[in-house]
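Below is one structure, written out as structure tokens, with a few remarks after it.
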Amino acid sequence: MTIDDKTIDKLAKLSSLHIDDSKKESLKSELGDIINFVENLNEIDVSHIEATFTTVEGGTPLREDVAIQDLDVSSHIVNHAPKSEDGFFIVPKIIE
């Protein structure tokens, strides 16, 4: 894959970055080197190697969800809210 000015401009737009014209050439070269390295990894045959990690079996271990009521923390948070009443946040009405 070749990196051209159009690709650099698209990456700059997607990343919301401004790339100086003076740095585009070096960036094209660096990105080209990275892509060539990754393409080399695609050539490695790993079909005979067993996976050491998979998310297919067993899923993600979850901890037990335990509710803790700490009135000091909740009152501290509500006291620092821009507007609150009776322990609840007051927010602007958005639905009529």
Start with the C-alpha gap between Val46 and Ile49, add the side-chain angles, then the distance that decides, and say whether side chain to side chain contact (heavy atoms under 4.5 Å, CB included) holds.
CA-CA 5 Å; Val46 293; Ile49 299 173; 4.3 Å; yes
Atom pair [atom1] ([X]) and [atom2] ([Y]), whose distance is rounded to the nearest 0.5 Å:
X     : Y     : atom1 : atom2 : value
Ile8  : Asp21 : CD1   : CG    : 11.0 Å
Asp4  : Leu31 : CG    : CG    : 11.5 Å
Asp20 : Ser26 : CG    : OG    : 10.0 Å

What closest approach, in Å, do [X] and [Y] show between heavy atoms, and which atom pair accounts for it?
X     : Y     : answer
Phe89 : Ile77 : CZ-CG2, 3.7 Å
Asp45 : Ser47 : OD1-OG, 2.8 Å
Ile19 : Leu27 : CD1-CD2, 3.6 Å

Does any pair with a residue in residues 71-84 pass side-chain hydrogen bond (donor to acceptor under 3.5 Å, both in side chains), and if so which ones, sequence neighbours excluded?
none
With Asp86 via side chain to side chain donor-acceptor pair (under 3.5 Å) - residues at least two apart:
none
Among all residues two or more places apart in sequence or in another chain, which pass the ring-ring contact (aromatic ring centres under 6.0 Å, His included) test with His18?
none
Please collect all salt bridge (Lys or Arg N to Asp or Glu O under 4.0 Å) contacts where either partner lies in residues 26-35, sequence neighbours excluded, each pair once.
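Pairs touching residues 26-35 that pass the test: Asp5-Lys28, Glu25-Lys28.
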In the hydrophobic clustering that connects Ile, Leu, Val, Met, Phe, Trp and Tyr at side-chain heavy-atom distances below 4.5 Å, which members other than Phe88 occupy its cluster, ordered by chain and number?
none
Please write out which residues are connected to Ile95 in a hydrophobic cluster, directly or through intermediates, given that two of Ile, Leu, Val, Met, Phe, Trp, Tyr count as joined at side-chain heavy-atom separations below 4.5 angstrom.
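Cluster partners of Ile95: Ile94.
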Do Ile35 and Glu39 pass the side chain to side chain contact (heavy atoms under 4.5 Å, CB included) test, and can you show the C-alpha distance, the side-chain angles, and the key distance before you say yes or no?
CA-CA 6 Å; Ile35 290 172; Glu39 287 176 349; 3.7 Å; yes
